[in-house]
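These notes are about the structure you will find just below.
Lettering of chains follows the sequences in order, A, B, ..., and the numbering in each one begins at 1. When reading the values below, keep in mind they use all heavy atoms of this one structure, side chains included, and skip hydrogens, waters and symmetry mates.
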Amino acid sequence: MDTRKRILIVCGSGVATSTVVAQRVRAILDQSGLEADLRQCAVMDAAHEAKGADLIIATTQVSADLGVPVINGIPFLIGVGAERLAAQIVAQLKQ
Amino acid sequence: MMPCVVLALGLIFRLPFGRAFRAGLTVGFGFVGIGLIINLIFGNMGPVMESLIRDTGLRLAALEVGWPAAAAVAFGTRVGALIFAVGILTNLAMVLLRLTRTLNVDIWNYWHWSLSGSLVMVVTGSLWFGLLAAVAHAVFTLKMADYTAPRIQAFFGTPGITISQGFAMANMPIIMPVVWLVDRIPGIDRISADPVAIQKRLGFLGQPAVLATGLTVIAGLVARQPAGTALRLGVAMGAVFLLLPRVVAILMEGMTPFAEAAGEFMRKRAGDRPVHIGMDCAIGVGHPTNMAAALLMVPISLLLAAILPGNRLLPFGDLAGTAYFSVMITPWTRGNLVKTMIVGIVLKATVMYMGSDWAPLFTRAADAAGFPLPEGAALVTVFGNPFAWVCVRLTQLFF
């Protein structure tokens with residue numbers, strides 16, 4: 001099955017921390033040889049954009065019932081727990 | 001100037017030359033983009049605002065441009081060029097001297113300190129006074145971040161983190177006493193409002209581009225423009241709200257390599273001391289109470305602007321930024337929407353008056369940052385940051 005996974009990166013504004021996280025996620029994808037489509041959005045639009053996403057990485061609070069698994073992306077911003085988060089993302093994508 | 005600064009800082013933090021160079025260039029592109037959007041705003045809104053003011057006697061002559069443009073102005077002045085070095089050194093010095101436990105890791109936060117500094121520089125004509133004000137704001141922010149850390153961590157469920165953002169922390173001296181007062185209103189705990197229901201009903205207010213188009217069309221028609229012109233203006237202003245964040249993302253992309261290196265550097269130098277990681281208040285934006293409050297603040301801001309006596313600030317750019325406004329209120333009202341709104345209205349009115357008051361200064365700062373306004377354009381401004389405003393007013397007594 002080769003349908004590309006879609007990752008939605010959510011932050012407060014859709015541009016600030018989600019840009020940082022997107023860069024990290026791209027690096028992780030390259031390193032692990034996985035492919036996925038990335039999209040960034042603001043948390044206000046998350047409910048709408050979540051349709052069709054396979055995974056959400058958020059740097060702000062997101063209501064859990066969007067029907068899509070949500071991973072906390074803050075470790076990428078503070079540098080603590082970043083490797084564990086990367087492994088978590090890879091594991092989630094491989095499902 | 002900022003592109004050169006980013007390149008230099010990148011090299012200082014040992015990024016490969018190619019990467020630092022590309023980062024600096026990206027930042028330059030970002031600034032060009034922001035300049036384009038600001039011109040787009042004034043090319044379109046300028047004439048409409050002039051007619052509105054003339055024909056309807058509206059005194060709302062200072063266009064509020066929102067945080068992305070304000071950040072671009074703050075980073076574009078001479079204070080802005082030096083703020084990273086100054087901010088990082090101040091924070092590190094304070095941590096090493098045990099004056100604070102907060103390590104501000106979010107480099108983008110520095111624009112708030114730079115705004116205070118830039119405005120004071122415009123008042124005093126002196127770069128040194130500007131830098132002094134920036135450092136003062138930094139010290140205040142870090143101390144306040146220390147103080148608010150326990151409550152923030154408990155409420156948002158984010159251990160080890162605090163919010164060291166200059167605007168949010170400067171609001172705390174207003175938020176905390178007002179919450180104290182509101183808690184004492186008889187019967188206040190018996191009124192309740194459901195944040196989720198409000199989000200469902202008012203969700204459309206959270207679409208800034210669509211909202212901007214609608215409001216501009218109305219403003220255009222009120223200013224007696226022909227319908228076709230009003231529609232065209234509406235689409236142009238909606239485009240501003242769509243494009244501005246994307247252009248700011250380019251700016252941020254350019255800053256990220258240096259920002260990450262600087263964060264690493266600070267963490268290493270801070271050693272084994274227990275620190276709070278200082279972030280932007282964006283981490284609290286998604287809380288349901290905050291999202292509902294953000295939606296409600298859109299019409300309320302416009303209403304306040306219209307009815308507050310002596311106010312000349314016209315909210316515009318902020319329509320996209322209301323989500324950040326009440327983040328610091330929610331932990332103190334424990335997520336109670338009614339109390340959050342009351343405190344929010346008081347705070348909004350206060351910062352609106354401040355922004356209205358310093359509009360001429362901010363316009364000069366924008367000019368100093370390389371964003372000159374077209375001849376005869378109205379003033380530009382941004383919502384007041386209480387610390388910055390106090391600094392400005394104090395220095396105005398002497399200069």
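- With a 4.5 Å cut-off on non-hydrogen atoms, Met255(B) does not touch chain A at all.
- Within a 6.0 Å sphere centred on CZ of Arg267(B), other residues, nucleotides and ligands contribute more than 12 heavy atoms.
- For chain A, the nearby part of Ile161(B) is the side chain; its heavy atoms alone come within less than 4.5 Å.
- Minimum interatomic distance between Ile74(A) and Ile283(B) (heavy atoms only, all atoms of both residues): CD1-CG2, 3.7 Å.
- Interatomic distance, CD of Glu260(B) versus CZ of Arg24(A), reported as 5.0 Å (0.5 Å rounding).
- Residue Thr289(B) holds its OG1 atom at 10.0 Å from CD of Gln61(A), rounded to the nearest 0.5 Å.
- More than 12 heavy atoms of other residues, nucleotides or ligands shown are found within 6.0 angstrom of CZ on Arg151(B).
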